[in-house]
Amino acid sequence: MPPIVVTARGSLAIVLSDVADWIGAAAITLLVLLAVGALLAVFAPVQWTAEGSRLFGRRRPARAQFAPRDRPAPRRVRRAAIVVNPTKFDDTDALRRQVTRVCLDHGWAEPLWLETTAEDPGTGQTSRAIEQGAGIVCALGGDGTVRAVAAALVGTETAIGLLPGGTGNLLARNLQLPIDSIDNSLRVALTGQNKRIDVGRISVTPADTQEQPKDYMFLVMAGLGFDATIMAEAPEKLKKHLGWVAYSVAGLKHLRGPRFKVQVSVDDGPELHRRVRTVVVGNCGKLQGGLVLLPEAQVDDGWLDAVLLSPSGIVGWVAVLVRVLTRRRRGHERVDHHRVRSLRISCDRPEDVQLDGDVIGPARAVRIDVEPHALLVRVG
């Protein structure tokens, strides 16, 4: 048998032939797989593993590519509640639009709008606002509205915002908050910081001895005697047009009134006996018109300041006025200051009592205590 001779050229031809056969087989196999895949994509049902990845079928829609637990939670928009005294404003609809605009401009939701009534001056409305998740409750009215709103917020972590709407706006004045612009005061309420302030508690023994003592709170001042009388005598229409000057008009009518006897006990100490025209107990000291009745009073120091005024006639009132204008705390028998945590006052006859400008009626005795840092207030 003759030997087989394989030249280099022949070896190369064999190798190229084998490679061509392999490429052809691979191409045929790939075409078959592509055809099968196309058929499955058209006719096969979509199947998913437990991990949510695609096993067969069409590609899952883009919105299904993340499990529900991976979706970011929607951003919660904060909402303010506005407790408004409608008797203080001529056009509450325009006022509501204004407040809503400011809230939306600062990224808050449309506010919860709650109007006070004669039966409920703001405490019940505030409780409803808290139940509905309000981030802040703003009092839009006078100091009486502020006190009613605060009554429901004491001891909570919800802050009160102060919007000017009254004659005095005394708490806002003492906290150096805007009192001439609702836009500015609302901006502070929505973007400011929280401050804890003290609250005054008062138990009033009514003139009618058959009635039980009644408990109230105040934020600015409680007054007994002449102070409460001028609050009661100042007409609402006059206050609306003249502001705090209306109180001066009412005060001039009663300058010559008689003094009354009181027994005063400071922090359960021995009783002091005085003949006075008025007793004022304050959580802060600034009055309307820039007058400072209690120069050492601070809203967050854990104390209350009391002053007993004992003028006799016009000359006596001039002496008291000089003391107030010069802001001197001591040194005159007609102006008696005390710094207290608790104060008991008994009168020889019923005298009117006022709390933050609202007269609550005559009383024969009161007990006043301080509740330190009990209320959150939004400040700048």
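Index from 1, following the sequence.
- Partners of R79 under the side chain to side chain contact (heavy atoms under 4.5 Å, CB included) rule, at least two apart in sequence or in another chain, are A109, L112.
- Every residue two or more places apart in sequence or in another chain that forms a side chain to side chain contact (heavy atoms under 4.5 Å, CB included) with V340 is listed here: V266, D267, L304, H338, L343.
- Screening residues 139-160 for salt bridge (Lys or Arg N to Asp or Glu O under 4.0 Å) gives R147-D358, E157-R196 as the qualifying pairs, with residues at least two apart or on separate chains.
- Residues satisfying the side-chain hydrogen bond (donor to acceptor under 3.5 Å, both in side chains) test with W108, not counting sequence neighbours, are none.
- In this structure, a donor-acceptor pair under 3.5 Å is present between the side chains of R367 and S342.
- Applying the salt bridge (Lys or Arg N to Asp or Glu O under 4.0 Å) test to every pair with at least one member in residues 110-133, sequence neighbours left out, gives no pairs at all.
- One N or O on the side chain of N169 and one on the backbone of G166 form a donor-acceptor pair closer than 3.5 Å.
- With sequence neighbours excluded, no residue satisfies side-chain hydrogen bond (donor to acceptor under 3.5 Å, both in side chains) with D91.
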- Message: Does M217 form a side-chain contact (heavy atoms from CB on, under 4.5 Å) with L355? I'd like the steps, not just the answer.
- Response: CA-CA 8 Å; M217 61 155 286; L355 305 174; over 6 Å; no
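- Contact between A152 and T123 at its shortest, heavy atoms only, is CB-O, 3.7 Å.
- Scanning both residues, G168 and R173, for their nearest heavy atoms gives O-NE, 2.6 Å.
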- Query: What's the verdict on side-chain contact (heavy atoms from CB on, under 4.5 Å) for V299 and K195, showing C-alpha distance, side-chain angles and the deciding distance?
  - Reply: CA-CA 10 Å; V299 294; K195 176 184 179 69; 4.1 Å; yes
- Message: Walk me through whether C284 and V220 qualify under side-chain contact (heavy atoms from CB on, under 4.5 Å).
- Response: CA-CA 6 Å; C284 45; V220 182; 3.9 Å; yes
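- The shortest side-chain heavy-atom distance between W303 and R341 falls under the 4.5 Å cut-off.
- Residues meeting the side-chain hydrogen bond (donor to acceptor under 3.5 Å, both in side chains) test with D301, sequence neighbours left out: R339.
- When the side chain to side chain contact (heavy atoms under 4.5 Å, CB included) test is applied to P213, the partners found at least two apart in sequence or on another chain are S203, T205.
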Could you pull out every donor-acceptor pair under 3.5 Å between side chains of residues 373-380 and any protein atom, sequence neighbours left out?
unit_1, atom_1, unit_2, atom_2, d
H373, NE2, D300, O, 2.9
R378, NE, N194, OD1, 2.6
R378, NH1, A189, O, 2.7
R378, NH2, N194, OD1, 3.4

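- Evaluation of the side chain to side chain contact (heavy atoms under 4.5 Å, CB included) rule for P311 yields R277, L309, W317, V320 as partners, not counting sequence neighbours.
- A donor-acceptor pair under 3.5 Å is absent between the side-chain atoms of D227 and the main chain of T278, judged by distance alone.
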For residues 99-107, tabulate all N or O donor-acceptor pairs below 3.5 Å that involve a side-chain atom, not counting sequence neighbours.
unit_1, atom_1, unit_2, atom_2, d
T100, OG1, R96, O, 2.8
R101, NH2, D183, OD2, 3.1
H106, ND1, V102, O, 3.0

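- You'll find the side chain of V84 reaches within 4.5 Å of the side chain of W113, heavy atoms only.
- In this view, E271 satisfies the salt bridge (charged side-chain N to carboxylate O under 4.0 Å, His left out) rule with no residue, not counting sequence neighbours.
- Using a 4.5 Å heavy-atom threshold, the side chains of V137 and L153 count as touching.
- Under the 3.5 Å distance criterion, the side-chain polar atoms of D356 are left unmatched by any main-chain donor or acceptor of G144.
- N283 places no side-chain N or O within donor-acceptor distance of the main-chain N or O of V199, the cut-off being under 3.5 Å.
- Heavy atoms only, all atoms of each residue included: T116 and P121 are closest at CG2-O, 3.2 Å.
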